[in-house]
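Structure first, commentary second.
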Amino acid sequence: MTEPRVITEIDGPVAHVRLNRPEKLNAVDLPLLDGLLASASEIAGRRDVRVVLLSGEGKSFCSGLDFPSVNRTPRKVVAHFIANPLRGTNRFQQALWAWRRLPVPVIAVTRGHVFGAGVQLALAADFRFTTPEAKWSILEAKWGLVPDMSGTVPLVEQIPLDLAKRLTMTGEVFSGEQAAAWGLATGSDVDPDKLARELADQLIERSPDSVSASKTLLNEAARRGLRAQLRLERRLQLAMFRSPNTKIARSAGTKGETPVFGPRTFD
(Lines give C-alpha, C1' and ligand atoms only; values in the text may rest on other atoms or scores of the structure.)
Protein backbone atom coordinates (compact mmCIF):
# COMPACT_ATOMS: atom_id res chain seq x y z
CA MET A 1 0.00 0.00 0.00
CA THR A 2 1.14 3.55 -0.71
CA GLU A 3 2.22 5.45 2.38
CA PRO A 4 -0.07 8.41 3.19
CA ARG A 5 1.43 11.78 2.27
CA VAL A 6 0.24 13.25 5.57
CA ILE A 7 0.11 11.28 8.81
CA THR A 8 -2.36 12.38 11.49
CA GLU A 9 -2.24 10.84 14.95
CA ILE A 10 -4.41 11.96 17.87
CA ASP A 11 -2.83 11.57 21.31
CA GLY A 12 -5.30 12.83 23.88
CA PRO A 13 -5.70 16.59 23.37
CA VAL A 14 -2.78 16.79 20.91
CA ALA A 15 -2.96 16.10 17.17
CA HIS A 16 0.41 15.18 15.65
CA VAL A 17 0.47 15.92 11.92
CA ARG A 18 3.55 14.98 9.86
CA LEU A 19 4.32 15.50 6.18
CA ASN A 20 5.38 12.10 4.92
CA ARG A 21 7.62 12.37 1.86
CA PRO A 22 11.02 12.21 3.57
CA GLU A 23 12.72 10.85 0.46
CA LYS A 24 11.68 14.07 -1.33
CA LEU A 25 12.37 16.32 1.66
CA ASN A 26 8.58 16.56 2.02
CA ALA A 27 8.20 18.47 -1.22
CA VAL A 28 4.57 19.29 -1.96
CA ASP A 29 2.79 17.37 -4.69
CA LEU A 30 -0.95 17.21 -5.35
CA PRO A 31 -1.57 14.16 -3.12
CA LEU A 32 0.21 15.94 -0.26
CA LEU A 33 -2.08 18.95 -0.76
CA ASP A 34 -5.07 16.60 -0.57
CA GLY A 35 -3.59 15.06 2.58
CA LEU A 36 -3.24 18.45 4.24
CA LEU A 37 -6.86 19.29 3.47
CA ALA A 38 -8.10 15.94 4.75
CA SER A 39 -6.07 16.21 7.95
CA ALA A 40 -7.28 19.75 8.68
CA SER A 41 -10.87 18.68 8.06
CA GLU A 42 -10.49 15.71 10.42
CA ILE A 43 -9.05 17.86 13.21
CA ALA A 44 -11.70 20.57 12.75
CA GLY A 45 -14.33 17.96 13.56
CA ARG A 46 -12.61 16.80 16.74
CA ARG A 47 -13.73 18.89 19.71
CA ASP A 48 -11.40 16.95 22.00
CA VAL A 49 -8.28 18.16 20.16
CA ARG A 50 -6.73 21.17 21.91
CA VAL A 51 -3.53 21.81 19.94
CA VAL A 52 -1.81 20.63 16.74
CA LEU A 53 1.90 19.87 16.32
CA LEU A 54 2.80 20.10 12.62
CA SER A 55 6.15 18.72 11.43
CA GLY A 56 7.86 16.79 8.65
CA GLU A 57 9.22 13.26 8.61
CA GLY A 58 12.96 12.91 8.07
CA LYS A 59 15.54 15.67 7.85
CA SER A 60 13.43 18.52 6.47
CA PHE A 61 10.14 20.22 7.18
CA CYS A 62 9.27 20.98 3.54
CA SER A 63 11.48 21.80 0.55
CA GLY A 64 8.72 23.51 -1.44
CA LEU A 65 6.60 22.55 -4.42
CA ASP A 66 7.59 19.39 -6.31
CA PHE A 67 7.54 20.95 -9.79
CA PRO A 68 8.44 17.77 -11.76
CA SER A 69 5.60 15.83 -10.12
CA VAL A 70 3.03 18.61 -10.39
CA ASN A 71 3.89 19.36 -14.03
CA ARG A 72 3.07 15.78 -15.03
CA THR A 73 -0.64 16.45 -14.44
CA PRO A 74 -1.37 19.85 -16.02
CA ARG A 75 -5.15 19.37 -16.08
CA LYS A 76 -5.22 18.69 -12.35
CA VAL A 77 -3.03 21.73 -11.76
CA VAL A 78 -5.48 23.92 -13.67
CA ALA A 79 -8.39 22.47 -11.69
CA HIS A 80 -6.54 23.08 -8.42
CA PHE A 81 -5.76 26.66 -9.48
CA ILE A 82 -9.40 27.68 -10.06
CA ALA A 83 -10.81 29.42 -7.00
CA ASN A 84 -13.89 28.16 -5.22
CA PRO A 85 -16.35 31.09 -5.49
CA LEU A 86 -17.78 30.44 -2.03
CA ARG A 87 -14.47 30.14 -0.16
CA GLY A 88 -12.48 32.59 -2.26
CA THR A 89 -9.48 30.24 -2.30
CA ASN A 90 -8.23 27.69 -4.80
CA ARG A 91 -7.06 24.26 -3.71
CA PHE A 92 -3.40 25.27 -3.44
CA GLN A 93 -4.37 28.11 -1.11
CA GLN A 94 -7.01 26.24 0.84
CA ALA A 95 -4.65 23.36 1.71
CA LEU A 96 -2.63 25.85 3.76
CA TRP A 97 -5.32 28.38 4.73
CA ALA A 98 -7.29 25.56 6.36
CA TRP A 99 -4.66 25.39 9.13
CA ARG A 100 -5.00 29.08 9.86
CA ARG A 101 -8.78 28.61 10.03
CA LEU A 102 -8.64 25.65 12.43
CA PRO A 103 -10.37 26.48 15.73
CA VAL A 104 -7.32 25.25 17.68
CA PRO A 105 -3.73 26.57 17.80
CA VAL A 106 -1.24 25.02 15.38
CA ILE A 107 2.46 24.81 16.24
CA ALA A 108 4.88 24.12 13.36
CA VAL A 109 8.17 22.40 14.18
CA THR A 110 10.69 22.98 11.40
CA ARG A 111 14.18 21.77 10.57
CA GLY A 112 16.29 21.24 7.49
CA HIS A 113 14.66 22.89 4.48
CA VAL A 114 11.82 25.38 4.91
CA PHE A 115 11.53 26.52 1.30
CA GLY A 116 8.74 28.06 -0.77
CA ALA A 117 5.52 26.25 0.06
CA GLY A 118 7.23 25.12 3.27
CA VAL A 119 7.54 28.72 4.47
CA GLN A 120 3.92 29.36 3.54
CA LEU A 121 2.77 26.25 5.42
CA ALA A 122 4.81 27.24 8.47
CA LEU A 123 3.24 30.70 8.34
CA ALA A 124 -0.23 29.13 8.27
CA ALA A 125 0.54 27.85 11.77
CA ASP A 126 0.04 30.08 14.79
CA PHE A 127 3.54 29.43 16.13
CA ARG A 128 6.78 28.25 14.50
CA PHE A 129 9.80 26.71 16.20
CA THR A 130 12.93 25.93 14.21
CA THR A 131 16.48 24.72 14.52
CA PRO A 132 19.11 27.48 14.29
CA GLU A 133 20.76 25.90 11.24
CA ALA A 134 17.54 25.28 9.30
CA LYS A 135 17.48 26.87 5.84
CA TRP A 136 14.55 29.15 5.09
CA SER A 137 13.70 30.81 1.78
CA ILE A 138 10.69 32.29 0.02
CA LEU A 139 12.06 30.42 -2.96
CA GLU A 140 9.42 31.30 -5.55
CA ALA A 141 11.58 34.23 -6.73
CA LYS A 142 14.20 31.75 -7.97
CA TRP A 143 11.68 30.41 -10.50
CA GLY A 144 10.30 33.81 -11.48
CA LEU A 145 7.13 33.27 -9.45
CA VAL A 146 5.37 34.78 -6.46
CA PRO A 147 4.04 33.03 -3.32
CA ASP A 148 0.50 31.92 -4.16
CA MET A 149 -0.57 29.50 -1.42
CA SER A 150 -2.00 32.13 0.98
CA GLY A 151 1.36 32.75 2.66
CA THR A 152 1.52 36.46 1.85
CA VAL A 153 -1.28 37.23 4.34
CA PRO A 154 0.53 36.00 7.49
CA LEU A 155 3.91 37.08 6.08
CA VAL A 156 3.06 40.79 6.23
CA GLU A 157 1.48 40.27 9.65
CA GLN A 158 4.69 38.79 11.03
CA ILE A 159 7.41 41.10 9.70
CA PRO A 160 7.80 44.68 8.39
CA LEU A 161 6.66 45.24 4.83
CA ASP A 162 10.12 46.18 3.52
CA LEU A 163 11.60 42.95 4.88
CA ALA A 164 8.71 40.93 3.45
CA LYS A 165 9.35 42.52 0.04
CA ARG A 166 13.09 41.86 0.27
CA LEU A 167 12.69 38.18 1.11
CA THR A 168 9.95 37.66 -1.47
CA MET A 169 11.74 39.52 -4.28
CA THR A 170 15.20 38.01 -3.71
CA GLY A 171 14.43 34.48 -2.56
CA GLU A 172 17.53 34.68 -0.37
CA VAL A 173 18.29 31.75 1.92
CA PHE A 174 18.51 32.53 5.63
CA SER A 175 18.95 30.48 8.78
CA GLY A 176 16.37 29.43 11.33
CA GLU A 177 18.22 31.59 13.84
CA GLN A 178 17.73 34.59 11.54
CA ALA A 179 14.08 33.66 10.99
CA ALA A 180 13.57 33.88 14.75
CA ALA A 181 15.45 37.18 14.97
CA TRP A 182 13.23 38.65 12.25
CA GLY A 183 10.04 37.35 13.85
CA LEU A 184 9.19 34.77 11.19
CA ALA A 185 9.82 32.00 13.71
CA THR A 186 8.52 32.07 17.26
CA GLY A 187 11.76 30.58 18.58
CA SER A 188 14.96 28.81 17.59
CA ASP A 189 16.57 25.90 19.43
CA VAL A 190 18.54 22.73 18.70
CA ASP A 191 15.49 20.89 20.05
CA PRO A 192 12.47 22.75 18.62
CA ASP A 193 10.21 19.84 19.58
CA LYS A 194 10.89 20.65 23.25
CA LEU A 195 9.82 24.28 22.76
CA ALA A 196 6.70 23.16 20.91
CA ARG A 197 5.72 20.69 23.62
CA GLU A 198 6.24 23.28 26.36
CA LEU A 199 3.95 25.75 24.59
CA ALA A 200 1.40 23.01 23.86
CA ASP A 201 1.30 22.16 27.59
CA GLN A 202 0.66 25.82 28.43
CA LEU A 203 -2.16 26.08 25.90
CA ILE A 204 -3.80 22.90 27.17
CA GLU A 205 -3.95 24.42 30.67
CA ARG A 206 -6.37 27.10 29.42
CA SER A 207 -10.00 26.90 28.40
CA PRO A 208 -10.24 25.44 24.89
CA ASP A 209 -13.01 27.94 24.15
CA SER A 210 -11.05 31.06 25.13
CA VAL A 211 -7.96 29.78 23.26
CA SER A 212 -10.04 29.18 20.14
CA ALA A 213 -11.82 32.53 20.41
CA SER A 214 -8.50 34.32 20.95
CA LYS A 215 -7.13 32.81 17.73
CA THR A 216 -10.17 34.05 15.81
CA LEU A 217 -10.06 37.49 17.41
CA LEU A 218 -6.37 38.13 16.71
CA ASN A 219 -6.37 36.63 13.22
CA GLU A 220 -9.16 38.99 12.23
CA ALA A 221 -7.65 42.12 13.83
CA ALA A 222 -5.42 43.07 10.89
CA ARG A 223 -8.21 42.86 8.32
CA ARG A 224 -11.10 44.55 10.11
CA GLY A 225 -11.87 48.18 10.70
CA LEU A 226 -11.98 49.47 14.26
CA ARG A 227 -15.76 49.24 14.70
CA ALA A 228 -15.90 45.73 13.23
CA GLN A 229 -13.05 44.51 15.45
CA LEU A 230 -14.59 45.95 18.60
CA ARG A 231 -17.90 44.38 17.62
CA LEU A 232 -16.12 41.02 17.23
CA GLU A 233 -14.57 41.43 20.70
CA ARG A 234 -18.02 41.91 22.20
CA ARG A 235 -19.52 38.96 20.32
CA LEU A 236 -16.74 36.58 21.31
CA GLN A 237 -16.77 37.72 24.93
CA LEU A 238 -20.50 37.08 25.09
CA ALA A 239 -19.86 33.58 23.77
CA MET A 240 -17.24 33.09 26.50
CA PHE A 241 -19.69 34.18 29.20
CA ARG A 242 -21.99 31.40 27.99
CA SER A 243 -19.28 28.73 27.76
CA PRO A 244 -19.30 25.93 30.35
CA ASN A 245 -15.51 25.91 30.19
CA THR A 246 -15.46 29.53 31.40
CA LYS A 247 -17.35 28.45 34.51
CA ILE A 248 -14.82 25.66 35.03
CA ALA A 249 -11.92 28.13 34.69
CA ARG A 250 -13.49 30.57 37.14
CA SER A 251 -14.26 27.91 39.71
CA ALA A 252 -10.78 26.39 39.54
CA GLY A 253 -9.14 29.81 39.67
CA THR A 254 -11.14 30.82 42.74
CA LYS A 255 -10.30 27.58 44.55
CA GLY A 256 -6.68 27.47 43.41
CA GLU A 257 -7.28 24.13 41.70
CA THR A 258 -6.21 22.79 38.33
CA PRO A 259 -9.16 23.08 35.93
CA VAL A 260 -10.44 20.00 34.13
CA PHE A 261 -12.09 21.31 30.95
CA GLY A 262 -14.74 19.69 28.83
CA PRO A 263 -14.62 19.49 25.02
CA ARG A 264 -14.37 22.71 23.06
CA THR A 265 -17.77 24.30 22.46
CA PHE A 266 -16.59 27.27 20.38
CA ASP A 267 -15.94 27.15 16.61
Side-chain angles (χ1 to χ4, degrees), residues 1-9 16-42 52-81 89-100 106-125 128-131 133-155 167-168 170-176 179 184-185 192-193 196:
M1 294 179 62
T2 303
E3 283 284 319
R5 289 287 199 265
V6 177
I7 298 172
T8 304
E9 296 176 341
H16 297 269
V17 179
R18 302 189 302 278
L19 310 187
N20 189 34
R21 292 190 79 202
E23 74 286 355
K24 295 290 186 180
L25 302 178
N26 296 315
V28 175
D29 61 0
L30 298 186
L32 194 145
L33 284 176
D34 293 341
L36 284 170
L37 279 167
S39 178
S41 178
E42 176 186 352
V52 178
L53 296 180
L54 175 64
S55 62
E57 290 281 13
K59 298 183 294 184
S60 287
F61 176 66
C62 176
S63 59
L65 190 67
D66 185 348
F67 282 102
S69 172
V70 169
N71 288 340
R72 285 197 292 268
T73 55
R75 290 186 179 181
K76 287 186 178 180
V77 171
V78 171
H80 277 55
F81 197 76
T89 55
N90 65 27
R91 200 164 181 83
F92 287 100
Q93 295 166 329
Q94 186 61 24
L96 275 61
W97 192 252
W99 298 92
R100 183 178 168 97
V106 179
I107 306 173
V109 182
T110 71
R111 50 175 43 85
H113 298 83
V114 190
F115 283 175
V119 173
Q120 296 187 75
L121 178 57
L123 286 169
R128 291 153 293 284
F129 294 109
T130 186
T131 57
E133 72 279 5
K135 295 180 179 180
W136 289 58
S137 174
I138 303 175
L139 199 62
E140 287 82 1
K142 179 179 179 180
W143 312 112
L145 301 172
V146 298
D148 67 341
M149 298 174 73
S150 78
T152 57
V153 175
L155 178 66
L167 298 179
T168 303
T170 66
E172 66 184 80
V173 178
F174 52 96
S175 68
L184 274 176
D193 296 278

Requested in this report: Apply side chain to side chain contact (heavy atoms under 4.5 Å, CB included) to Leu167 and Trp136, showing your working.
Outcome: CA-CA 10 Å; Leu167 298 179; Trp136 289 58; over 6 Å; no

Quick check for you: to the nearest 0.5 Å, what is the distance between [X] atom [atom1] and [Y] atom [atom2]?
X      : Y      : atom1 : atom2 : answer
Glu172 : Lys142 : CD    : NZ    : 14.5 Å
Leu53  : Asp193 : CG    : CG    : 8.0 Å
Leu36  : Ser41  : CG    : OG    : 12.5 Å
Gln93  : Asp148 : CD    : CG    : 6.5 Å
Arg100 : Leu123 : CZ    : CG    : 9.5 Å
Leu65  : Trp143 : CG    : CH2   : 10.5 Å

Requested in this report: Would you check, one step at a time, whether the test side chain to side chain contact (heavy atoms under 4.5 Å, CB included) holds for Thr168 with Val146?
Outcome: CA-CA 7 Å; Thr168 303; Val146 298; 5.6 Å; no

Between [X] and [Y] (side chain of the first, backbone of the second, donor and acceptor by atom type, cut-off under 3.5 Å), is there such a pair?
X     : Y     : value
Asn26 : Ser60 : yes
Asn20 : Ile7  : no
Thr8  : Ser39 : no

Query raised in the report: Does Arg18 come within less than 4.0 Å of Glu9, counting only side-chain N to carboxylate O?
Result: yes

Query raised in the report: Does the pair Arg21/Asp66 count as a salt bridge with the N-to-O cut at 4.0 Å?
Result: yes

Query raised in the report: Do you see a donor-acceptor pair shorter than 3.5 Å between the side chains of Glu140 and Gln120?
Result: yes

Can you name the nearest heavy-atom pair linking [X] to [Y], along with the distance?
X      : Y      : answer
Phe174 : Ala179 : CE1-CB, 3.8 Å
Ala40  : Ala98  : CB-CB, 3.8 Å
Ala117 : Cys62  : C-SG, 4.4 Å
Val119 : Ser137 : CG2-O, 3.3 Å

Taking the side chain as everything from C-beta on, heavy atoms only, tell me whether [X] gets closer than 4.5 Å to [Y].
X      : Y      : value
Trp99  : Leu121 : yes
Lys135 : Val114 : no
Phe92  : His80  : yes
Leu25  : Phe115 : no
Val153 : Trp97  : yes
Ile138 : Pro147 : yes

Report task. Among Gln94, Met149, Arg91, find the one that has a side-chain contact (heavy atoms from CB on, under 4.5 Å) with Leu33. Result ->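 Option passing the side-chain contact (heavy atoms from CB on, under 4.5 Å) with Leu33: Met149.
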
**Report entry** side-chain contact (heavy atoms from CB on, under 4.5 Å), paired with Leu30, selected from Arg5, Lys76, Arg72
**Finding:**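 Only match with Leu30 under side-chain contact (heavy atoms from CB on, under 4.5 Å): Lys76.
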
**Report entry** Check against side chain to side chain contact (heavy atoms under 4.5 Å, CB included), Leu54 and Ile107
**Finding:** CA-CA 6 Å; Leu54 175 64; Ile107 306 173; over 6 Å; no

Query - Derivation and outcome, side chain to side chain contact (heavy atoms under 4.5 Å, CB included), residues Leu19 and Leu32 - result: CA-CA 8 Å; Leu19 310 187; Leu32 194 145; 4.2 Å; yes

**Report entry** More than 12 heavy atoms from other groups under 6.0 Å of CZ on Phe67
**Finding:**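 Counting neighbours around CZ of Phe67, more than 12 heavy atoms of other residues, nucleotides or ligands fall under 6.0 Å, so yes.
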
